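In this text, all values refer to a predicted model and were calculated from it rather than measured experimentally. Proteins come first, then strands; the chains are lettered A, B, ... in the order of their sequence lines, and each starts at number 1.
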Amino acid sequence: MDVTPILDSLNDAQRTAVAAPSEPLLVIAGAGSGKTRVLTHRAAWLIDVEGISPQSLLAVTFTNKAAAEMRHRIENLLNMPASNLWVGTFHGLAHRLLRRHWREAKLPQSFQIIDSDDQLRLLKRLFKSLNLDDSSFAPRDVQYFINAQKDEGLRPQHIDDGGDETRRQLISLYQSYQEICDRGGLLDFAELLLRAHELWRDNPAVLEHYQARFRHLLVDEFQDTNAIQYAWLRLLAGKTGVLFAVGDDDQSIYRWRGARVEHIYRFQKDFPTASIVKLEQNYRSTSTILNAANAVIANNSSRMGKNLWTDGKDGEPIRVYSAFNERDEAEFIVGRLRDWSEQGHARTDAAILYRSNAQSRVLEEALMNARIPYRVYGGLRFFERQEIKDALAYLRLVSNRDDDSAFERVVNRPTRGIGARTVEAIRAYGRDNSCSMWRAAGAISSDALAGRGAKSIVAFMSLVERIARESEPLDLAGKVDHVIQQSGLIEFFRKEKGEKGETRIENLEELVSAARGFNPDIAEEGMSELDGFLAHAALEAGEGQADAWEDCVQLMTMHSAKGLEFPLVIMCGLEDGLFPHQRSLNDMSGLEEERRLCYVGITRARQLLYLTHAEQRRLHGMDSYAQKSRFIGEIPAELVEEIRPKVQVSRPVSPSPALRHKSDRTSLRAGSAADIGVRLGQRVRHAKFGDGVILNCEGHGAHARVEVNFESAGSKWLVLSYANLDLM
DNA sequence: ATGATGATATTTTTT
DNA sequence: ATATCATCAT
């Protein structure tokens, strides 16, 4: 066998990993070190060189995108389609297993997946039915609690309340929530994983079958595995399965979502025969950028330890800009993007990264003004849109009447006179009799004592029955079309004012197209095509922002930038309190995770990296002042070039009074700055307070006052004629 | 059943 | 500043 095509393009470390013997292996793959390449080449190596059947291979990722890319690249390497190769997300694979083994997993055959939005609604409803709204629980917190428990693999009976009343209630809510889900055959995302784990744990025969089949397990982004995913992997690996895990402890940024980087540290304990390979050569960034990243992450204590290097060029220094405020920051960024375009680069190659989504607004305004096309990542996705979820809820009812989540969503949508009281009555009946709302509704409406609501309920139920009956013989797209027509949703949205309703109708029509184009290759093991489509909708919510294939600047959070790279990266809002975020400042582990996030951000850049921060920022409607992020200070000074606004002591010019009064308040302010001989954003030195920046000014002549944000003393108003400021 | 009012909170996101 | 949500009024 000629191994050249598989090993040739690899460096030594990559080659060691790819051609490693069949023992557990942990690959610590630094940013830009060719992680996906190693993973895919390993798969190709096993199949082509070791002669392992694709069937014996399981490749696991976190996102659908990563899974699709991995399959694509493996097939390219093998030069053939590998349909019997299992590549998928943890959730996708778990789902597949549960469909296959629904009996052993004690699930109804047509179980449905609910997303986090459904989950939250379900909890809110549960709160209502328990009259809990006045309690001290927020549904969100309970949702978080439940998911955190599930991520750890814990059922209500496993959790100790520790004698704490609040905790006891949380556990009991978890219990009630789970009962509702079980009754309706509903699985939330965490439940998929938990069930798949329990399936194997409780059915040795099933487990053995998969252990015998999957000899090699390839895992991507290993640092992001949560407890249940890791347990699942270990079960599958058993004593003989070969786990090939690729990850980077320095890029672990999802602890708040259950990810446990400790799995990386534990790897050798859990797999005593395991070895470790480190990929440290980086093919992405200039050495300046890498050195900065290395220096920043070196401040973290618990690390595996690694140092990225490149044999490429030093490149440009990292440019740091201290903006006067967030608008100045945005203006600066716009300027750099203009330069970038003028140098003949594509806008697509430039990314603006920020810590939190709220920061995008100012940037968008500035870009809009400057006519620079941009694209913001991470909006609402197709299958998450309200109208789409409404239509899907009808489809879910068609598939399974006991789906309470779907029932409540559309029972009065479009409005058909079933108000809160009626729904409440159904809910109560369902709770008291441990039955689904559909059955509760049936019972109530046949009760002669029922009031006006009963008629509407009967109408709703027969509508659903009719849709189900009529769509029975239709193909998937036909079913979807039938539902959106007959449910009255189209009519309902047509009445909605503005363009919104129109868009919604277009989206509904798009849903029919999506159904037509749905490739039911996942629909296997006796799952109906409809159930397959519904699962697909839940597991792959679709692109955040479709098309817009204009040459656009990319805006996104640093979290969503993980895994991407751009020739030009601008990280903005680098202020203590924003990044690192206020809520992470208190404990060490929080701060270290922020620092890893910073590391992720820096290592996205290929050639050019800008870091910006603002002295003053309007946040939540309040002006706040912050020091520049400590992370900037952690970058060695020799890698950094500070960019300052051109400092020029403007000569006091008095505009004519007429002109002054004509202007509005903001320009009056700016005018008065020139008036008294200072410039907003100008750096000054005070004998007592030290260095600072002028943020604001007011008044004229002897009464003129300026607001200065001092680096150590904070923000102060000073009367200019007394303050004796040195302009710098 | 829709619309106005006021209180409240406001990292990060995939599945 | 703003978005979401509950509550109350129409």
Would you tabulate the pairs of protein nitrogen or oxygen atoms and nucleotide nitrogen or oxygen atoms of nucleotides 11-15 of chain B closer than 3.5 angstrom?
from: B:dT11; atom 1: OP1; to: A:Arg583; atom 2: NH1; distance (Å): 2.6
from: B:dT11; atom 1: O4'; to: A:His581; atom 2: NE2; distance (Å): 3.3
from: B:dT11; atom 1: O2; to: A:Arg355; atom 2: NH1; distance (Å): 2.7
from: B:dT11; atom 1: O2; to: A:Arg355; atom 2: NH2; distance (Å): 2.1
from: B:dT12; atom 1: OP1; to: A:Asn357; atom 2: N; distance (Å): 2.6
from: B:dT12; atom 1: OP1; to: A:Asn357; atom 2: ND2; distance (Å): 3.0
from: B:dT12; atom 1: O4'; to: A:Arg355; atom 2: NH2; distance (Å): 3.1
from: B:dT12; atom 1: O2; to: A:Trp256; atom 2: NE1; distance (Å): 3.4
from: B:dT12; atom 1: O2; to: A:Arg355; atom 2: NH2; distance (Å): 2.6
from: B:dT12; atom 1: O2; to: A:His559; atom 2: NE2; distance (Å): 3.4
from: B:dT13; atom 1: OP1; to: A:Thr557; atom 2: OG1; distance (Å): 2.6
from: B:dT13; atom 1: OP2; to: A:Asn357; atom 2: ND2; distance (Å): 3.2
from: B:dT13; atom 1: O4'; to: A:Arg257; atom 2: NH1; distance (Å): 3.2
from: B:dT13; atom 1: O2; to: A:Arg257; atom 2: NH1; distance (Å): 3.4
from: B:dT14; atom 1: OP2; to: A:Arg381; atom 2: NH1; distance (Å): 3.3
from: B:dT15; atom 1: OP1; to: A:Asn64; atom 2: N; distance (Å): 2.8
from: B:dT15; atom 1: OP1; to: A:Asn64; atom 2: ND2; distance (Å): 3.3
from: B:dT15; atom 1: OP2; to: A:Arg381; atom 2: NH2; distance (Å): 3.4
from: B:dT15; atom 1: O2; to: A:His91; atom 2: NE2; distance (Å): 3.4
from: B:dT15; atom 1: O4; to: A:Ser116; atom 2: OG; distance (Å): 2.7

Pair A:Ser629, A:Glu575: side-chain N/O donor-acceptor within cut-off below 3.5 Å: no
Pair A:Asn147, A:Gln119: side-chain N/O donor-acceptor within cut-off below 3.5 Å: yes
Atom P, compared across C:dC5 and B:dT12: separation rounded to whole Å: 16 Å
Atom P, compared across C:dT4 and B:dT13: separation rounded to whole Å: 16 Å
A:Arg396 NZ/CZ over A:Tyr394 ring centroid, <6.0 Å and within 45° of normal: no
A:Glu408 bridged to A:Arg125 by N-O distance under 4.0 Å: yes
A:Met622 CE to B:dA9 P, straight-line distance once rounded to whole Å: 16 Å
Nearest-angstrom distance from the residue atom CG of A:Asp141 to P of B:dT8: 16 Å
A:Gln112: which of A:Asp531, A:Asn400, A:Asp118, A:Asp403 passes side chain to side chain donor-acceptor pair (under 3.5 Å): A:Asp531
Per A:Arg361 side chain, nearest of listed nucleotides B:dA1, C:dT2, C:dC5: C:dT2
Sugar-phosphate, base or nothing in reach of A:Lys562, heavy atoms under 4.0 Å: nothing
Touch class at under 4.0 angstrom, heavy-atom based, for A:Asp151 against every strand present: nothing
Short side-chain to backbone donor-acceptor contact, A:Asp576 and A:Gln627, under 3.5 Å: no
